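This report concerns only the one structure given below.
Since we're looking at a predicted model, the values are computed, not measured. Lettering of chains follows the sequences in order, A, B, ..., and the numbering in each one begins at 1.
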Amino acid sequence: MDIEKRRSTAALSESHDGFPVTESRSNTGDTSMKDEGTLGSPSLPVSPIKTTSHKRKTSDDFEKKKKKKKTDKHKHKHKNGTKKENGNDLATVKNSKEKKKRVKKEETPLDSQTIEMKDEEEEKYRWWEENNDNDEIKWHSLKHNGVLFPPEHVPLPSHVKLYYDKKPVDLPIQAEEVACFFGAMLNTEHAQNPAFQNNFFSDFKKIVLEHGGANVEIENFDNCDFSKIFEHYESQKTIKKSLTAAQKREIKSEKDKFEEKYKYCLLNGRRERVGNFRIEPPGLFRGRGSHPKTGRVKKRIYPEDVSLNLSEDAPIPPPPEGHQWKEIKHDNTVAWLATWRENVTNTVKYVLFAADSSLKGRSDFKKFEKARELKNYIHRIRKDYKKNFSSKVMLERQMAVATYLIDVFALRAGGEKAEDEADTVGCCSLRYEHVTLKPPNTVVFDFLGKDSIRYYQEVNVHEKVFKNLRLFKKSPKQPGDDLFDRLTPNILNKHLQNYLPGLSAKVFRTYNASKTMQDQLDLIPNEGTVGEKVVKYNAANREVAILCNHQRTKPKSHDMGVQRISDNIREMFWQKLRLKRMILELDKSLKKTKPYYFEELDDLSVEEEQAIQDRVIAKEREKVTKKFARDNEKLKTEDSPLLPEAMLEEKLQKIDELAAEYKKELKTRKPEIKSVTVTVEKLESQVEKLEQRIRNATLLLQDKEDNSQVALGTSKLNYIDPRLTVMFSKKYDVPIEKLFSKTLREKFAWAIESADENWTF
DNA sequence: GCCCCTACTTAGCAGAGAGGGA
DNA sequence: TCCCTCTCTGCTAAGTAGGGGC
């Protein structure tokens, strides 16, 4: 691709943070990437790459193990003397065939440095048809093209500056970049948050000083004016928006072409998608809730910070020119392709496989199978924890109550949190103040859970749970103290392992979510239209989301949208009444022969009818005026003569006439029938159509209200066994496309291909 | 037994893109 | 066809779990 072209097209694209993006730095020897030491990174010396073979199990070990297993299976088969095909044996045959193919493929000469990830329209890899019980080895061979670095900061035009005390500030480029992080997000809630402002400002001042200071001494945040920077980025957004569809397509296709090679890797010789192949761009840390570090500067990541993981015999992707990778690893017991450490939270970040990869799919499948297994143990677990509500050992009581809460209310485990994180809790970290007891057995839970989402529930609990909670809160305990002072998720999980290896607190959430979904789906009658069935499926999904406390912020447009739909429904109802009045105009006797049909004729008060009429007329006027303006706007750009004002007047005049007609109707309740061809039958059929539209709109409104603060996606993506959805789709004859988006269909291909209409969780 | 670290899953948000109504 | 709304997708923060070292 022409580098200049890429520069100019990409200059109009935008990064996640809302910054204009120039070119993406690749690791294909792009010389434009200079280490300017942005955000305190010194110029890094070129050092030899450290290469470690960090395998806990070598591929030789893997081969040996595999061989042994094969022999064992072979023996087993003969012992049983059956001809039943063994999945593993089939897999072995398949694998050896595939291996031959693979070797051939990998021997194909590649372009000098890039591994080609050709899509030879090969069949989708049906990993779920193979046995694989080796969790330890994540891959046998792994080749990839490295990671994509974010674009460098594009200096602001000379007239765009930060102002301090109304004076323009000349900032060192590194500090300008940070000022831009803030300036670009001036209209967000983060930028209004004092903690965010403080953290940003203290890092910003440091960076200004570190890079030689500015022409003005910057001391006070309140004296800073970032508005010019904000306007600059807003105008860039407008330019981008105003491109023609063709231009936008062109830019996107160039971008896709450029990124193509990072999107795929060769996992055991097969082309599989990589998930987040982009290194996270620098910016301001957007912590959730009251995170003490929110607003701090997230530094730019360089190749020197990034370790890659791939096969020993895989070509090492060349780092951007003048740079080196931190380390090259060959660890086949892990599923990451690249890793680096983030400076604000000091956490490790990974580049992983995509959700539709065989590796992720297999682990998802195992997660749901483990949850299904819990079915066979749950009865005993429940019996045991009920017994232990009265145990003499405090730890056992705490364990019993915690297991109860996790089981019944789907609470998370609740690990310990550090001082420099948001104060959120889960089951084991619940404190005195999070639980209020109302005798005889009501408990109010009120705490911030993951992502600082509030969990508020007033519930009735088992009488002994109530008594125990009172005991766990007993003096000298006071606000701030742990409710479960003997318990940690680790202890609890170790206890759960006694029932079933691999059982942990989080399995209960998966189990209860999927169980709830199964139960809800079982209640749905197999009748009605596809649309109606989808609404019922969503309602079942919603039950799960509520159980898991998956929330979302009410969309800003929600209240207005609800109002609009309600208004529409009332308008349709009014139109329906008018049609019925017309029917009576044609045949008065019907009122006696079909009294029920005309029962609703008085359901609208004169006041409400008046209000509806006013709305309808106002809407009509607005529509006509807007269309007139739009048409003229278009004619203006074409240099054609504009439409005469009289034309608009004429149309508005007609609306006035209609308004007068409605007004008359308000008194007479007798709408005028304008066409001679109108018949009772025709009007009745129109009534029927309106009734259907009203029903649809009412359903839509209900759905909108119910979903306004509940996020359905999270449970669909992570908790509900996808085979339940597939079962529903097949049994109820609802196209899977109505239930799973494209990405979900890809992620859950294994479920779509393997479950039938009789599948049960 | 505790703490720290690594590895991976789960989560909401924001922007992009699709889709539907006027 | 255009515009607006809603859904989808990408992003990355925030959890869980478990292993290893002391």
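- Within the nucleic acid shown, A/Gly287 comes within 4.0 Å of sugar-phosphate atoms alone, with no base atom in reach, counting heavy atoms only.
- Within 4.0 Å (heavy atoms only), A/Thr339 reaches no atom of the nucleic acid at all.
- A salt bridge links A/Asp567 with A/Arg615: at least one charged nitrogen is closer than 4.0 Å to a carboxylate oxygen.
- For A/Asn718, counting side-chain heavy atoms from C-beta on, the closest listed nucleotide (B/dA11, B/dC8, C/dA13) is B/dA11.
- When all heavy atoms of A/Lys417 and A/Ala422 are compared, the pair lying nearest together is NZ-O, 3.0 Å.
- The CD1-P distance, from A/Ile491 to C/dT16, rounds to 15 Å in whole Å.
- Put simply, A/Tyr719 has a side-chain N or O that comes within less than 4.0 Å of OP1 or OP2 on B/dA11.
- Among the atoms of the strands shown, only primed sugar atoms or phosphate atoms (P, OP1, OP2) are found under 4.0 Å from some heavy atom of A/Gly414.
- The distance from atom CG of A/Asn490 to atom C1' of C/dT16 is 11 Å, rounded to the nearest whole Å.
- In this structure, of C/dA17, C/dA13, B/dC13, it is C/dA17 that holds the atom nearest to the side chain of A/Ala505.
- Between the side chain of A/Asn199 and the backbone N or O of A/Ala195, at least one donor-acceptor pair lies under 3.5 Å.
- Here A/Lys252 lies in heavy-atom contact (under 4.0 Å) with sugar-phosphate atoms only.
- Residue contacts shown for A/Thr553 are limited to sugar-phosphate atoms, with no base heavy atom under 4.0 Å away.
- Note on A/Lys360: a side-chain N or O is less than 4.0 Å away from OP1 or OP2 of B/dT9.
- Along DNA chain C, the nucleotide nearest to A/Arg412 and the one nearest to A/Lys742 differ in position, and the one closer to the 5' end is contacted by A/Lys742.
- Distances shorter than 4.0 Å separate none of the side-chain N or O atoms of A/His291 from OP1 or OP2 on C/dA13.
- Listed nucleotides B/dT10, C/dG15, C/dT16 differ in distance to A/Lys367; the shortest reach to its side chain belongs to B/dT10.
- At the phosphate of C/dA17, neither OP1 nor OP2 sits under 4.0 Å from any side-chain N or O atom of A/Gln497.
- Between the CD1 atom of A/Ile720 and the P atom of B/dT10 there is a distance of 13 Å, rounded to whole Å.
- For A/Asp451, whose side chain is taken as the heavy atoms from C-beta onward, the closest listed nucleotide among B/dT6, C/dA13, C/dA14 is C/dA14.
- In this structure, A/Phe740 places its CZ atom 17 Å from P of C/dT7, rounding to the nearest Å.
- Within the structure, every side-chain polar atom (N or O) of A/Thr488 is placed at least 4.0 Å from both OP1 and OP2 of B/dC2.
- To the nearest angstrom, C1' of B/dC13 lies 10 Å from CZ of A/Arg286.
- Rounded to an integer number of Å, the gap from CG of A/Leu717 to P of C/dT12 is 17 Å.
- No donor-acceptor pair under 3.5 Å is formed between the side chain of A/His291 and the backbone N or O of A/Arg288.
- The nearest heavy atom of DNA chain B to A/Asn568 and to A/Glu416 marks one nucleotide each, and the one closer to the 5' end goes with A/Glu416.
- In this structure, A/Asn276 and A/Asn493 both approach DNA chain C, and ranking their closest nucleotides by distance from the 5' end singles out A/Asn276.
- Under a 3.5 Å cut-off, the side chain of A/Ser452 and the backbone N or O of A/Leu448 do not form any donor-acceptor pair.
- Nucleic acid contact for A/Gln551: sugar-phosphate only, since backbone atoms but no base atoms lie under 4.0 Å from a heavy atom of the residue.
- Using a 4.0 Å cut-off, no side-chain N or O of A/Lys506 falls inside it from OP1 or OP2 of C/dG15.
- C/dG15 atom C1' lies 13 Å from atom CD1 of A/Ile453, rounded to whole Å.
- A/Thr424 comes within 4.0 angstrom of the backbone, heavy atoms only, and of no base.
- Contact check, A/Thr347 against C/dA13: no side-chain N or O comes under 4.0 Å of OP1 or OP2.
- Checking the phosphate oxygens (OP1, OP2) of C/dA13, a side-chain nitrogen or oxygen of A/Lys298 falls inside 4.0 Å.
- Contact annotation: A/Ser741 reaches the phosphate of C/dT9 (side-chain N/O to OP1 or OP2, under 4.0 Å).
- A/Lys494 comes within 4.0 angstrom of no nucleic acid atom, judged by non-hydrogen atoms across all strands.
- Across the interface with DNA chain B, nearest-nucleotide mapping of A/Asp364 and A/His190 shows A/Asp364 to be the residue nearer the 5′ end.
- Within a 6.0 Å radius of NZ in A/Lys515, other residues, nucleotides and ligands contribute 12 heavy atoms or fewer.
- Atom-to-atom, NZ of A/Lys349 to P of C/dC11 comes out at 12 Å; the value is rounded to the nearest Å.
- Here A/Ala335 lies in heavy-atom contact (under 4.0 Å) with sugar-phosphate atoms only.
- Within the 4.5 Å cutoff, the side chain of A/Arg509 has heavy atoms near those of the A/Cys548 side chain.
- Residue A/Leu352 has its side chain nearest to B/dT9 when only C/dA13, B/dA7, B/dT9 are considered.
- The nucleotide whose nearest atom lies closest to any side-chain atom of A/Lys138 is, among C/dT16, B/dA11, B/dC8, B/dC8.
- The 12-atom threshold is exceeded at CD of A/Glu369, counting heavy atoms of other residues, nucleotides or ligands nearer than 6.0 Å.
- Distances shorter than 4.0 Å separate none of the side-chain N or O atoms of A/Thr743 from OP1 or OP2 on C/dC8.
- Residue A/Lys240 has its side chain nearest to B/dA16 when only C/dG10, C/dA17, B/dA16 are considered.
- A/Arg341 has a side-chain polar atom (N or O) that falls below the 4.0 Å cut-off from OP1 or OP2 of B/dT6.
- Between the side chain of A/Lys450 and the base of B/dT10, at least one donor-acceptor pair of N or O atoms lies under 3.5 Å.
- Using a 4.0 Å heavy-atom cutoff across all strands shown, A/Arg552 reaches sugar-phosphate atoms only and no base atom.
- Within the nucleic acid shown, A/Glu746 has no heavy atom closer than 4.0 Å to any nucleic acid atom.
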**OP:** Test A/Lys257 against A/Glu260 for salt bridge (Lys or Arg N to Asp or Glu O under 4.0 Å), laying out the working first.
**Re:** CA-CA 5 Å; A/Lys257 226 191 280 170; A/Glu260 177 75 10; over 6 Å; no

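- For A/Thr714, taking side-chain heavy atoms from C-beta onward, the closest of the listed nucleotides B/dA11, C/dT9, C/dT12 is B/dA11.
- Residue A/Tyr350 is in base contact, counting any heavy-atom pair closer than 4.0 Å across all strands shown.
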